[in-house]
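Read the numbers this way: they start at 1 and go in the same order the structure lists the ligands and their atoms.
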Amino acid sequence: MKNKINRRKFLNTALKLVTIPSALSLQNCGGSGGGGNGNNNPSTSDITNPPKFAKNLLIPKLLTGTSFNLNIKSSTHSFFDGINTNTYSIDDGSGQMSYLGPTLKLRKGATVNIQYTNNLSINTTMHNHGMHLPSNIDGGVHNVIAPSNSFTANWMVNQKSCTNWYHSHLMGATAEQVYRGLAGMTILEDSESDALDLPKTYGVDDIPLIIQDKVFAADGSLDYSPSHMEHMRGYLGDMFLVNGVITPKLSVEPKQIRLRILNASNARVYNFSLGGKSFTQIATDNAFLANGVNMTSLKLSPAERAEIVIDLTSNFNQSVVLKDLSSGAEIMKINVDKVLTTTKTTMPSVLTTTLTKFAFDTNTPTRKFTLAKNRGRTGLFTINGVSMSKAVINQRVPLNRIEIWEVVNAMPMVHNFHIHATHFWIIERNGSSANVPANEQGYKDTVRVDANSSVKFVVKMVDYTNNTIPYMFHCHILEHEDRGMMGQFTVE
Ligand code: C2O
Ligand code: CU
Ligand code: CU
């Protein structure tokens, strides 16, 4: 397959990142998870793909409360039996997280204090993606945490219940740091989510799914070695992981199950399905949808989240497989093989009545963002013709002003667009509101922008101003972000 030669070359020169028990014999037959289409070929792992649906899904440790002390550190994680792969993880001191970070459960109205200490030997940052907080504690490229240093985000949670996440945002190195494990989920709750009859027991019927694709070298190490082509198109793996487990299985009871799906992949756009079984999407990135949307497939680009509910009440002793229709990959099997011991839920017909779609008209001020590639030899990506510079504020946005932001993807490949600070509401795709599907009509902070297409959304910056410390907007295909497809805005 393509890229094999690059990979061999890489393996010969790479740091050996893992220790392999000598008795283990490894074959060199590549992965088999991909099966992708022509323009979507993943890089190929050099280690045998483990049997599908053999390992149990790991559930990241849940932390609740208002004060969190997290260590960002080097770890080893067992992706393959008998192999300790070098990773990064975020841990609360218990030593339980060897890849990714614990799930943080925060409550609206609470003043929370999250301290991250960098125990790596390299710089990092930790961004609270989806969180509405002041720019000076946003954890973006300006909040660098040097080795042995700490960074604290302290603010009052003031937004609707949703599923967010946190991840490294180090300028130029986000892709590799997230790839090696610097990401975790955040769950926000409020009185609205309390009142809904939805599955809420973490790890039992309310399941976090942090979905990623990876490439592994023959020795089981995480292979992050994008070629020029892979920087351009984004780095795709041939093995699919959920919460750090390759194609896992999950046992559940015959009842409604809530999945909090986070696409934490560097570059892959998924089109999830459950083998034709219908499900209900209940939440977008930053809030519940007004009403559940019945679906049989769900597209998620990197950093997007969706909460879905599957009704498995009448599926006892059956299973469903979570697939990606775009690549054909099977990702996880859900076995309905547990005896019912917890309470069943009934899908509420109304999820929230308090979503605000800001009023706009033809006089609403519009900003345009054109995503493109630099014409020069640099191979850099641009937004409005310029690549990210920490020293440049690209946009200054007045507080409390309703604006339309138009994102134009001028390239024949998919990108997406994420903004820090707050959520937005998509109002048009390709010039028409009719092109916005029902499951995108809610609070979003990241939107897929298909090849040669455009998206318009309405947004209002509220609460926090800072004329000098900016927030970021960017493509969340991490190779693109690292290669300049990012800019900065202040709220003034
Ligand atoms: Cu998920 Cu600017 O970040
Ligand atoms: Cu973000
Ligand atoms: Cu992009």
Colleague: Asn113: which residues meet the side chain to side chain donor-acceptor pair (under 3.5 Å) condition with it, sequence neighbours left out?
Modeller: Asn154
Colleague: If you apply the rule ring pair (Phe, Tyr, Trp, His ring centres under 6.0 Å), what do you find for Trp165 with His418, and how did you get there?
Modeller: CA-CA 13 Å; Trp165 63 307; His418 164 56; 8.7 Å; no
Colleague: Can you list the protein N, O or S atoms less than 2.8 Å from atom 2 (Cu) of ligand 1?
Modeller: His169 NE2, His420 NE2, His474 NE2
Colleague: Around the Cu ion (ligand 3), how many protein N/O/S atoms fall inside 2.8 Å?
Modeller: 3
Colleague: Any salt bridge between Arg260 and Glu307, counting N to O under 4.0 Å?
Modeller: yes
Colleague: For Lys368, look at atom NZ and say whether over 12 heavy atoms of other residues, nucleotides or ligands are found less than 6.0 Å away.
Modeller: no
Colleague: Before we go on, tell me: are the rings of His129 and His476 under 6.0 Å apart, centre to centre?
Modeller: yes
Colleague: Taking the six-membered ring for Trp and the full ring for Phe, Tyr or His, determine whether the centres of His480 and His231 are under 6.0 Å apart.
Modeller: no
Colleague: Less than 4.0 Å between a side-chain N and a carboxylate O, is that true for Glu176 and Arg180?
Modeller: yes
Colleague: Aromatic ring centroids of Tyr99 and Phe79 under 6.0 Å?
Modeller: yes
Colleague: State, to the nearest 10 degrees, the angle whose vertex is the Cu ion (ligand 2) and whose arms point to NE2 of His418 and NE2 of His127.
Modeller: 170°
Colleague: Who passes ring-ring contact (aromatic ring centres under 6.0 Å, His included) against Phe417, sequence neighbours left out?
Modeller: Phe369, Phe473
Colleague: Side chains of Gln115 and Asn69: do they bring a donor and an acceptor to under 3.5 Å?
Modeller: yes
Colleague: Can you tell me if an N/O/S atom from His169 lies under 2.8 Å from the Cu ion (ligand 2)?
Modeller: no
